[in-house]
Amino acid sequence: MDGRNAIEVRNMYKQFKVQYDKANTLKDKILFWNRENRKEVHKVLNNINLNIKKGESVALIGTNGSGKSTLLKLMTKIIFPTSGTIETNGKLTSLLELGAGFHPDFTGRENIYFNASIFGLTRKDIENRIDEIIEFSELGEFIDNPVRTYSSGMYMRLAFSVAINVDAEILLIDEILAVGDQHFQEKCFAKLKELRDSGKTIVIVSHSLDTVKKLCRRAVWIYKGEIRLDGDPTYVINQYLKQVAIDHKEEVKKAIEKGTHRATGIITIDTPKDFSDIDLQNDEFICSGWEISNSLDTEIEIFVDDKKIDNIDRYPRKDVYDIYKENYAGFLDVESIGWRFSLKSSDLPKGKHKIVVKTLTANGQSLASNDVEFTII
Ligand SMILES: Nc1ncnc2c1ncn2[C@@H]1O[C@H](COP(=O)(O)OP(=O)(O)OP(=O)(O)O)[C@@H](O)[C@H]1O
Ligand SMILES: [Mg+2]
């Protein structure tokens, strides 16, 4: 292996054998003795070649089921290639599935000892750092409770705090950051940046594409089990989103033909807030929100006190677009996600009012609806 590389993957294939209709009990075996067990080979990764240099920060991106976690597990060596090789050079730590490596009946503190020793720390090493680990986790007194009583966010805090404190040279992280709350996510993010800048090798799997852009200098896009593109994150993410858009539309077209398409949508009212009391100061009162769906021809309908509104203005909502651009790729036009309309104060006498908003398909099927009640005081 080249001394400059932290990870080398060569002509690597991974497939899983999946067995259907497996008889689990003796009774099933007797009843279905002549039934053929259907075995299928599921080719998950095909001919992967990849060099990750020491000190690189690399993101693996791709749709659900494209093989990202599988590749990370292969790097961790908890599973092995069907053919080809995968080699790593340097002490490695990984944050894979939540709680992997924790014993549910031990306390957080006991698990730190248990977990850190797996990563090669001596008892003395751990004793020197345990305060730092606990402090980073912000678990406070919960640290002495069994981890089976932890929430997923608490699990993740503990796992992350241990993983960054075992002096690993290579960190492999699978999506786990998404579990933390905003504050802890930001803290992890800052820590990962610090580790990156101190020369550690980081490989992260994430659907949070903005995080990828900020943290990684390289993105590898896995598409249908193969590396489709590898390079600057901004470019790779852009190409990835274009492909997702094409695939989404193709899937929807097929589903519509088969009659199995389930369109969905979200419609939200930002102002006024539900059950708010409003003291009208101006002549005009603006109501606004946003709407998205994965159907190609939708329209929105808005009623104020059962009266239909017809002067609805659509306007850009980049904030909403950024959140949904992956899941709704191919269906979002950033320019027209927002909706708003104005009412004259003369239309709004004192007392209770109700706004109902709906997303409808061209044939009148309702995809989403929302309503608010407010009082003019
Ligand atoms: N142990 C296994 N046995 C059989 N199939 C498996 C196994 N592990 C993964 N797979 C299959 O391999 C494919 C890739 O899974 P993987 O978890 O790597 O996807 P992913 O890219 O991480 O997706 P996600 O974004 O949803 O996390 C999936 O189709 C999955 O069903
Ligand atoms: Mg995964």
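Remember, it's a predicted structure, so these values are computed and weren't measured experimentally. Counting convention: from 1, in listed order, for ligands and their atoms alike. Residue indices begin at 1 and follow the sequence shown.
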Legend entry - Whether Ser66 lies under 4.0 Å from ligand 1, heavy atom: yes
Inset, instruction - For ligand 1, find out whether one of its N or O atoms is nearer than 3.5 Å to an N or O atom of Gly65. - result: yes
Legend entry - Min N/O separation Gly67 to ligand 1 under 3.5 Å: yes
Inset, instruction - Using a 4.5 Å cut-off on heavy atoms from C-beta on, say whether the side chain of Asp333 contacts that of Arg314. - result: no
Legend entry - Within-4.5 Å side-chain heavy-atom neighbours: Ile286 and Ser342: yes
Inset, instruction - Mind checking whether His207 contacts ligand 1 via backbone (N, CA, C, O), side chain (CB onward), both or neither, at a 4.0 Å heavy-atom cut-off? - result: side chain
Inset, instruction - Validate the cation-pi geometry between Lys193 and Phe189: distance from NZ or CZ to the six-membered ring centre under 6.0 Å, angle to the ring axis within 45°. - result: no
Inset, instruction - Give the minimum heavy-atom separation between Gly55 and Thr201, together with the two atoms involved. - result: N-OG1, 2.9 Å
Inset, instruction - Can you figure out which of Leu72, Asn64, Thr70 has its heavy atom closest to atom 16 (P) of ligand 1? - result: Thr70
Inset, instruction - Answer yes or no as to whether an N/O/S atom of Thr70 is found below 2.8 Å from the Mg ion (ligand 2). - result: no
Legend entry - side-chain hydrogen bond (donor to acceptor under 3.5 Å, both in side chains) partner of Arg10, the single match among Asn49, Asn51, Asn47: Asn51
Inset, instruction - Name the closest protein heavy atom to atom 22 (O) of ligand 1, giving the residue it belongs to and the distance to 0.1 Å. - result: Ser69 OG, 2.7 Å
Inset, instruction - Tell me which protein heavy atom sits closest to atom 25 (O) of ligand 1, plus the residue, atom name and distance to 0.1 Å. - result: Lys68 NZ, 2.7 Å
Legend entry - Val44 neighbourhood, listing ligand 1 atoms whose heavy-atom distance to it stays under 4.0 Å: 11 (C), 12 (O), 13 (C), 14 (C)
Inset, instruction - Among all protein heavy atoms, pick out the one at the shortest distance from atom 29 (O) of ligand 1; state its residue, atom name and that distance to 0.1 Å. - result: His42 CE1, 3.1 Å
Inset, instruction - Classify the side-chain pair Arg228/Gln239 by whether it contains a donor and acceptor separated by less than 3.5 Å. - result: no
Legend entry - Heavy atom of the protein closest to atom 6 (C) of ligand 1 (residue, atom name, distance): Phe16 CD1, 3.3 Å
Legend entry - Asn111-Tyr150 side chain donor-acceptor pair, cut-off 3.5 Å: no
Legend entry - Residue pair Glu186 / Gln182, side-chain donor-acceptor N/O under 3.5 Å: yes
